[in-house]
Amino acid sequence: MIINAIPSDWQAYLADEFEQDYMKALAQFLQTETRTKTIFPAESDYFNALKATSFDQVKVVILGQDPYHGEGQAHGLSFSVLPGVKVPPSLVNIYKELQTDLAIEPAKHGYLQSWAEQGVLLLNSVLTVEAHKAGSHQNKGWEIFTDKIIEVINREHQGVVFMLWGAYAQKKGRQIDKTKHCVVESVHPSPLSAYRGFFGCGHFSKANDYLQAYKKMPIDWGLHSLGEQGKTDSGNGIQMGQIGLPF
């Protein structure tokens, strides 16, 4: 089985991870799982977060936990779903907060590719899941790999906004140097918790204010009508390297 290579700009920082025992064990696990089970997202989409947001472009990191486990939802970007898929409840609440915070009307779709292309790294902690089994691929090695991504951004960048929603994301973000970066925290936007502090958090305006203070272009959080753009390949135009994963 051949898996998409990671983009060349991320390779300089992550290539060594694919030689580590944990990644080889993860590769074997996924190879076994995909023989008899349905795994989300599609194999070619495992690293879409890295494809959509180049390393040098990272301005904001939004940490998720697991991919969506429903049919046709996950495509490798945290909180995002493909065009034509019903907007999930947590994303509905994100849109509500955007409307309160920045007067942005809720989008009629849940495809967040335009955020990613502006420098919003939409990163899940775990990059795969078995269909209809939430959390089924936790503690298989992905968390080590995504910790490395956060470590590299923390070390190599200055002035990145990290949005940590919920206890899981906050724990994962403990390594972030708050003297170099902006860390904003709240409860998760899930319907179970959003009313306990996510609504009214103002994270989107805070992020843009911070970016502008660092002389960076703010994020256009508005999600416009997809039209034909929703049909484009999320990896289009990305220069890919030649490192194949041992899956």
Side-chain angles (χ1 to χ4, degrees), residues 1-7 10-11 13-53 61-83 85-86 88-91 110-113 115-116 120-153 164-166 168-169 171-173 188 190 233-235 238 240-241 243-247:
M1 181 168 64
I2 299 174
I3 278 229
N4 245 12
I6 60 172
W10 288 95
Q11 283 185 21
Y13 304 99
L14 300 174
D16 289 348
E17 296 302 296
F18 299 106
E19 302 301 320
Q20 302 301 315
D21 288 343
Y22 84 85
M23 185 61 84
K24 293 177 181 178
L26 173 62
Q28 184 60 54
F29 167 75
L30 287 172
Q31 187 175 47
T32 300
E33 291 288 288
T34 54
R35 287 183 186 137
T36 59
K37 300 173 183 177
T38 300
I39 304 302
F40 296 135
E43 188 177 313
S44 59
D45 290 342
Y46 289 176
F47 300 104
N48 262 358
L50 302 183
K51 295 183 206 175
T53 308
V61 179
I62 299 180
L63 284 178
Q65 187 167 348
D66 298 292
Y68 295 120
H69 56 84
E71 189 71 35
Q73 292 180 303
H75 68 107
L77 304 183
S78 63
F79 293 101
S80 180
V81 291
L82 288 168
V85 176
K86 182 180 179 181
S90 291
L91 187 52
Y111 189 56
L112 305 182
Q113 180 75 15
W115 291 2
V120 182
L121 182 66
L122 296 165
L123 181 68
N124 280 318
S125 176
V126 177
L127 302 188
T128 58
V129 69
E130 183 180 343
H132 313 300
K133 292 188 177 180
S136 51
H137 286 187
Q138 291 181 10
N139 302 314
K140 301 298 183 182
W142 281 127
E143 294 93 340
I144 302 172
F145 179 69
T146 52
D147 278 348
K148 181 67 175 183
I149 293 173
I150 295 169
E151 174 193 323
V152 167
I153 295 169
L164 308 181
W165 299 333
Y168 185 94
K171 181 178 179 181
K172 192 170 181 69
H188 195 275
S190 161
D233 179 5
S234 63
I238 302 295
M240 302 298 291
I243 294 179
L245 307 190
F247 286 57

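Note that these values count all heavy atoms, side chains included, but never hydrogens, waters or copies made by symmetry. Everything quoted here is computed from the prediction, not taken from an experiment.
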Approximate separation, where rounding is to 0.5 Å, of [X] [atom1] and [Y] [atom2]:
X	Y	atom1	atom2	answer
Leu121	Leu50	CG	CG	6.5 Å
Leu82	Leu112	CG	CG	10.5 Å
Glu151	Leu14	CD	CG	10.0 Å
His137	Glu33	NE2	CD	4.5 Å
Thr38	His69	OG1	NE2	14.0 Å
Gln73	Lys86	CD	NZ	10.0 Å

Treating [X] as the side-chain partner and [Y] as the backbone partner, does any N or O pair qualify as donor plus acceptor under 3.5 Å?
X	Y	answer
Glu143	Gln138	no
Asn48	His75	yes
Tyr68	Phe79	yes
Ser136	Glu130	yes
Thr34	Gln31	yes

Heavy atoms only: give me the nearest [X]-[Y] pair and the separation to one decimal.
X	Y	answer
Ser78	Ile62	OG-O, 3.2 Å
Val129	Gly135	CG2-N, 4.0 Å
Phe40	Ala74	CB-CB, 4.3 Å
Pro83	Tyr111	CD-CD1, 3.5 Å
Leu77	Ala52	CD2-CB, 4.2 Å
Ser90	Ser190	OG-CA, 3.4 Å

Could you check if a side-chain atom of [X] sits within less than 4.5 angstrom of a side-chain atom of [Y], using non-hydrogen atoms only?
X	Y	answer
Ile144	Gln20	no
Leu30	Tyr46	yes
Thr128	Trp142	yes
Val61	Ile149	no
Val120	Thr53	no
Tyr13	Lys148	no

Worked verdict on Gln65 versus Val126 for side chain to side chain contact (heavy atoms under 4.5 Å, CB included): CA-CA 6 Å; Gln65 187 167 348; Val126 177; 5.8 Å; no

Working for ring-ring contact (aromatic ring centres under 6.0 Å, His included), residues Phe145 and Phe18: CA-CA 9 Å; Phe145 179 69; Phe18 299 106; 5.6 Å; yes

Other residues, nucleotides, ligands: >12 heavy atoms within 6.0 Å of Asp16 CG: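 No - once you tally the heavy atoms of other residues, nucleotides and ligands closer than 6.0 Å, there are 12 at most.
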
